[in-house]
Structures are given as structure tokens and as C-alpha cells.
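Single-structure report; data block below.
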Amino acid sequence: MQDVYSDHFGLIDFHRSQHGSGMSGRSLPKKFVAALQKVAEQTYNNLFTVQQMRQISKDIGVSIPDFEGFITSLNTQGFLLKKGPKVYQLQTFGY
């Protein structure tokens with residue numbers, strides 16, 4: 001996977017987010033988005049249901065108490081684009 005470093009456009013550093021240390025409030029979204037990115041690249045599909053995203057978070061060992069709120073926050077920040085009821089599109093860079 002190619003490294004994507006944060007730049008003046010605010011792109012996420014996916015490499016560091018996967019290999020960073022700790023689980024701060026800021027690294028949690030990066031780790032989750034990086035996991036979605038990986039699945040999207042493997043499946044050539046960047047649409048995810050909330051159920052699929054819950055499973056991905058479990059698969060990477062991330063526990064998110066308010067999952068719906070977390071997804072809404074990622075949508076507000078522009079990482080996810082709501083496409084329909086409980087369906088989101090991952091906004092990727094270089095996909």
C-alpha cells in the first residue's frame with residue numbers, strides 16, 4: 001500500500017494510522033478508515049452498510065460504544081458519504 005501523508009489538503013496518513021502506537025481519540029477514526037480502505041481495495045467496492053462497518057470494527061479489535069454517532073461523525077468530517085439508509089460510501093484518495 002502506498003503511503004499517503006497528511007498534506008495541505010488534509011489527506012490522512014494511512015500508513016501511520018495502521019502502524020501507529022496507542023489508541024487515542026484521533027487515531028481511532030484513522031485506524032477504522034484505513035481498515036475500510038483496505039477492504040475497499042480488496043473488494044473493489046467502496047460502499048458499506050452500517051452492519052458491514054460494525055463487523056470490520058470488530059475484526060480490527062476496535063470497540064466503539066456509540067457506533068452510529070461515530071459513523072455520523074465520519075460522515076460530517078467527509079470520510080464517508082451517506083448514500084442511503086444505513087449505506088455509506090468511503091471517500092478514498094487515489095482509489
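Everything quoted here is computed from the prediction, not taken from an experiment.
Thr76 places a side-chain N or O within 3.5 Å of a backbone atom of Thr72 that can act as its donor or acceptor partner.
Note that CD of Gln55 and OG1 of Thr49 are 10.5 Å apart. Values are rounded to the nearest 0.5 Å. In this structure, CD in Gln52 is found 10.0 Å from CG in Leu36, a value given to the nearest 0.5 Å. In this structure, the separation between CD on Gln42 and CD on Gln37 is 10.5 Å, given to the nearest 0.5 Å. Between the CG atom of Asn46 and the CD atom of Gln91 there is a distance of 7.5 Å, given to the nearest 0.5 Å. Atoms CD1 and CZ, from Ile71 and Arg54 in turn, are 8.5 Å apart once rounded to the nearest 0.5 Å.
Contact check for Ile56 versus Phe48: side-chain heavy atoms found under the 4.5 Å cut-off. Side-chain contact between Phe32 and Phe79: absent, with no pair of heavy atoms (C-beta onward) separated by less than 4.5 Å. At a threshold of 4.5 Å between non-hydrogen side-chain atoms, the residues Tyr88 and Lys82 count as touching.
Considering all non-hydrogen atoms of both residues, Val50 and Phe67 come closest at O-CE2, 3.9 Å. Across all non-hydrogen atoms, the minimal contact from Ile60 to Lys31 is O-NZ, 3.4 Å.
Under a hydrophobic clustering in which Ile, Leu, Val, Met, Phe, Trp and Tyr are joined whenever their side-chain heavy atoms come within less than 4.5 Å, directly or via other members, Leu80 and Val87 fall into different clusters.
Within a 6.0 Å radius of CD in Gln51, other residues, nucleotides and ligands contribute 12 heavy atoms or fewer.
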Would Lys86 and Glu68 satisfy side chain to side chain contact (heavy atoms under 4.5 Å, CB included), going step by step from the backbone distance to the final call? CA-CA 9 Å; Lys86 298 192 180 267; Glu68 300 275 344; 3.3 Å; yes
